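Atoms within each ligand, like the ligands themselves, are counted from 1 in listed order. Nothing here was measured: the structure is a model prediction, and the numbers come from that model.
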Amino acid sequence: MFNLDQILSRYNPVTGELAGAKSTERYLADLRGCFANATAYEEALAAGNPLLYRVGSVEPAADEGDLHYGVGCIMPGKIGDEYHLTKGHLHAWRPAAEFYFGLSGEGVMLLEDEATGESRLVPLRPHHAVYVPGRTAHRTMNTGTAPLTYLGVYPARAGHDYGAIAQRNFRCVVVERAGQPVMLARNQL
Ligand code: F6R
Ligand code: ZN
């Protein structure tokens, strides 16, 4: 069932669509409150409402022990000096970990431990895997000039909890400084 070639043969790297999968699209208007620079966000939205990312999700089975997976595609671009990003979430079932595999493009993941608030910035690019432990909020950003595509694999019962992040956002912000992604504390911007 889980065969990377089989998955990728259904994948269109230009549009980010995964044939036969449930597709979730997030446009700029769906990301209200996610970017630190509200003025830059409103200015960008006034100019248009582009697709920021798309995730094709596959849920082969939902028994205990099964895995679900999704192929994500984040379009390149910035809002102010923040890179295009995903909403970010904790898993509804908090112990659920997740494995991310970079497929194309260049990006980073912001990982925040729910209990301690400790934040880490890790690269996500082809031939890199990122282990997201349980109880860790995660957000993905495209730091390059081409679409960033990746595969995320997670327990069938993981679920998504967007509520906590929507309320308080991540403690850290990732911005471009001298052409590089840099993690800064949100309250020190
Ligand atoms: C699933 C997972 C990814 C994300 C995708 C979009 O647990 O982490 O498939 O769902 O990167 O991010 P969100 O869901 O935060 O909009
Ligand atoms: Zn996740």
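The aromatic rings of Tyr41 and Phe35 lie parallel to each other, with less than 30° between the two planes, well short of the 60° mark.
At a threshold of 4.5 Å between non-hydrogen side-chain atoms, the residues His128 and Val122 do not count as touching. Between Val153 and Tyr100 there is no side-chain heavy-atom pair separated by less than 4.5 Å.
Where the criterion is an N or O separation shorter than 3.5 Å, residue side chain and backbone included, Tyr154 fails it with respect to ligand 1. In terms of polar-atom proximity, His91 is counted as a contact of ligand 1, with an N or O under 3.5 Å from an N or O of the ligand.
Here the angle centred on the Zn ion (ligand 2), running from NE2 of His91 over to NE2 of His138, is 100°, rounded to 10°.
A donor atom on one side chain and an acceptor atom on the other are found under 3.5 Å apart for Arg139 and Asn169. Between the side chains of Ser23 and Glu25, a donor-acceptor pair is found at a separation under 3.5 Å. A donor and an acceptor atom, one from each side chain of His89 and His138, are located under 3.5 Å apart.
For the Zn ion (ligand 2), the set of nearby N, O or S atoms under 2.8 Å includes one belonging to His89.
Atom CZ of Arg10 is surrounded by more than 12 heavy atoms from other residues, nucleotides or ligands within 6.0 Å.
Note that Arg168 lies outside the cation-pi zone of Tyr162, set by a 6.0 Å cut-off to the ring centre and a 45° limit from the axis.
Atom 9 (O) of ligand 1 has its closest protein heavy atom at Val55 CG1, 4.0 Å. Glu98 OE2, 3.0 Å is the protein heavy atom nearest to atom 2 (C) of ligand 1. Nearest protein neighbour of atom 12 (O) of ligand 1, counting heavy atoms only, is Thr86 CB, 3.5 Å. Summary of contacts: the protein heavy atom closest to atom 10 (O) of ligand 1 is His160 NE2, 3.3 Å. Among all non-hydrogen protein atoms, the one lying nearest atom 14 (O) of ligand 1 is Tyr162 OH, 2.5 Å. Counting only heavy atoms of the protein, atom 8 (O) of ligand 1 lies nearest to Tyr100 OH, 2.5 Å.
Nearest N/O/S atom of Glu98 relative to the Zn ion (ligand 2): this is OE1.
If you check each of Tyr69, Tyr150, Tyr53 against atom 5 (C) of ligand 1, the one with the closest non-hydrogen atom is Tyr150.
Proximity of a side-chain donor or acceptor of His68 to a complementary backbone N or O of Ala61 within less than 3.5 Å is detected.
Atoms of ligand 1 found under 4.0 Å from any heavy atom of His138 (numbered from 1 in listed order, with element): 8 (O).
Heavy atoms of Gly88 come nearer than 4.0 angstrom to ligand 1 in at least one pair.
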